[in-house]
Amino acid sequence: MQFATWNVNSLNIRLPQVIDWLAANPVDVLALQELKMADDKFPIDAFNEAGWQAVWHGQKTYNGVALISKQPARDVIKNNPLFEDDHARLIAGTFGDADQAVRVIGGYFPNGQAPDSDKFVYKMHWMKALRQWVADEMSRHPRFLIMGDYNITFGPEDTYSPETLEGTIHCTEAEREQLQGLVQLGLHDALRQFAPGPKVYTWWDYRNLAFRKNQGYRIDHILVSDALKKVATDCLVDKAPRKNERPSDHTPVVLTIA
DNA sequence: ATGGCCATCGCGGATGGA
């Protein structure tokens, strides 16, 4: 099975790119973030016509998440049942048959804006509540993964300029403690099992020729349970869509399991 | 050239992203 995550920064703008990417990369589940559209605007017909199922949780202008899949999702949950939230940032579903089934959460984690902002406080509360929900889901689903735009780096190696970016948003101790809180539930950074080297990024600013100069951040992640880590055979960043006309500033991360 | 973004809402320019 294959799983992927991609922050598309507006599904309206990126829909043709998503359909094209799925044709070339027929993964079992693709988690999308930043749909930036209300639920009734979701292009379900376009996905169905291309042979895909989808579940989604959108809102106007901001946020919004979806799970695109070959087979229908089961046991779908939208947002964290343990956290009241005005934002559409989380969606869960189960995919695959019987004892091979995988429980998936797709998430668009809060940006946080700046360490001294109200949005940062919200990010911390959101992360703390997410940990509780993930613990609950993992207790019932050993084959578990959570993927998406985390808006957090694991460490200084995850940006192009740690000397200037450590301590700024996505690179604070407080955010990394929250991320480690998830990891301590028994999760593993899938990409690092297969791409241990430096300069592995998933986001590049639209400005300053950042992509051409590979001035990026690694903030999109797939965390997998022990059971899935054991059967993972590959995980990679697909930089190809970042070279498209009108690209998203994020690019997909793709996990393969046996 | 030596670097100056992009999407949304809505029609100018603020807001948010990261």
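Below, chains carry the letters A, B, ... as their sequence lines are ordered, and counting in each starts from 1.
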Strictly under 3.5 Å: I want the nitrogen or oxygen pairs between protein and nucleotides 13-16 of chain B, one per line.
none

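- Between the CH2 atom of A:W204 and the C1' atom of B:dG17 there is a distance of 16 Å, rounded to whole Å.
- A:D234 places no side-chain N or O within donor-acceptor distance of the main-chain N or O of A:T256, the cut-off being under 3.5 Å.
- Within the structure, every pair that satisfies the salt bridge (Lys or Arg N to Asp or Glu O under 4.0 Å) test and touches residues 145-158 of chain A, not counting sequence neighbours, is listed here: A:D158-A:R192, A:D158-A:R218.
- Nucleotide B:dT8 holds its P atom 10 Å from the NZ atom of A:K60, rounded to whole Å.
- Listed in residue order, the members of residues 150-174 of chain A having a heavy atom less than 4.0 Å from DNA chain B are A:N151, A:H170.
- The gap from the P atom of B:dT15 to that of B:dC11 amounts to 16 Å, rounded to the nearest Å.
- With A:E175 contributing its side chain and A:T172 its backbone, the two residues share a donor-acceptor pair below 3.5 Å.
- Within the 3.5 Å criterion, the main-chain N or O of A:W133 finds no donor-acceptor partner in the side chain of A:N80.
- Contact annotation: A:H250 reaches the phosphate of B:dA18 (side-chain N/O to OP1 or OP2, under 4.0 Å).
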Review point. Based on Watson-Crick and G-U pairs with both distances under 3.5 Å, what dot-bracket line describes DNA chain B 5' to 3', crossing pairs as [ ] and inter-strand pairs as |?
Key: ....(((((...))))).
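- Atom OH of A:Y201 and atom C1' of B:dA18 are 15 Å apart (whole Å).
- Look at CG on A:L35: it is 11 Å from P on B:dT8, rounded to the nearest Å.
- Among A:I105, A:V76, A:V29, the single residue meeting the side-chain contact (heavy atoms from CB on, under 4.5 Å) criterion with A:L67 is A:V29.
- Where A:I13 and A:Y108 meet DNA chain B, the nucleotide closest to each residue was compared, and A:I13 sits on the side nearer the 5' end.
- For A:K123 and B:dA18, the NZ to C1' distance is 9 Å, given to the nearest whole Å.
- Applying the 4.0 Å criterion to OP1 and OP2 of B:dA7, one finds that A:R246 has a side-chain N or O inside that range.
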When the side chains of residues 31-46 of chain A are checked against the rest of the protein, which donor-acceptor pairs come out under 3.5 Å, sequence neighbours left out?
{"from": "A:Q33", "atom 1": "OE1", "to": "A:T5", "atom 2": "OG1", "distance (Å)": "3.4"}
{"from": "A:Q33", "atom 1": "OE1", "to": "A:N7", "atom 2": "N", "distance (Å)": "3.2"}
{"from": "A:Q33", "atom 1": "NE2", "to": "A:T5", "atom 2": "OG1", "distance (Å)": "2.9"}
{"from": "A:Q33", "atom 1": "NE2", "to": "A:A31", "atom 2": "O", "distance (Å)": "3.4"}
{"from": "A:E34", "atom 1": "OE1", "to": "A:Y108", "atom 2": "OH", "distance (Å)": "3.4"}
{"from": "A:E34", "atom 1": "OE2", "to": "A:N7", "atom 2": "ND2", "distance (Å)": "3.1"}
{"from": "A:E34", "atom 1": "OE2", "to": "A:Y108", "atom 2": "OH", "distance (Å)": "3.4"}
{"from": "A:K36", "atom 1": "NZ", "to": "A:N9", "atom 2": "OD1", "distance (Å)": "2.8"}
{"from": "A:D39", "atom 1": "OD1", "to": "A:G58", "atom 2": "N", "distance (Å)": "2.6"}

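- As judged by a 4.0 angstrom heavy-atom cut-off over every strand, A:N63 is placed among residues making no nucleic acid contact.
- Here the P atom of nucleotide B:dA7 and the CG atom of A:L32 are 16 Å apart, to the nearest Å.
- Residues satisfying the ring-ring contact (aromatic ring centres under 6.0 Å, His included) test with A:H170, not counting sequence neighbours, are A:Y217.
- Counting only distance, with no hydrogens or angles, the side chain of A:N111 and the backbone of A:Q113 share a donor-acceptor pair below 3.5 Å.
- Within the 3.5 Å criterion, the main-chain N or O of A:T153 finds a donor-acceptor partner in the side chain of A:R176.
- Looking only at side-chain heavy atoms (C-beta outward), A:F194 and A:L236 stay at 4.5 Å or farther from each other.
- If you take atom P in B:dT8 and the same atom in B:dG3, they sit 29 Å apart, rounded to whole Å.
- Both A:R212 and A:S10 sit near DNA chain B, but only A:R212 has its closest nucleotide nearer the 5' end.
- Distance check on atom P: B:dA14 versus B:dG10 gives 16 Å, rounded to whole Å.
- A gap of 14 Å separates the C1' atoms of B:dA18 and B:dA7, to the nearest Å.
- Separating the CZ atom of A:F120 from the P atom of B:dG17 is a distance of 14 Å, rounded to the nearest angstrom.
- Classification of A:D226 and A:K230 as a salt-bridged pair fails, no side-chain N sitting under 4.0 Å from a carboxylate O.
- Contact check for A:L228 versus A:H188: no side-chain heavy atoms found under the 4.5 Å cut-off.
- As a whole-Å value, the separation of A:W203 CH2 from B:dC5 C1' is 10 Å.
- None of A:L187, A:I222, A:V224 except one satisfies the side-chain contact (heavy atoms from CB on, under 4.5 Å) rule with A:I146; the exception is A:L187.
- OP1 or OP2 of B:dG4 lies within a sub-4.0 Å distance of a side-chain N or O belonging to A:N208.
- Residue A:N7 is classed as a sugar-phosphate contact, given heavy-atom separations below 4.0 Å to backbone atoms only.
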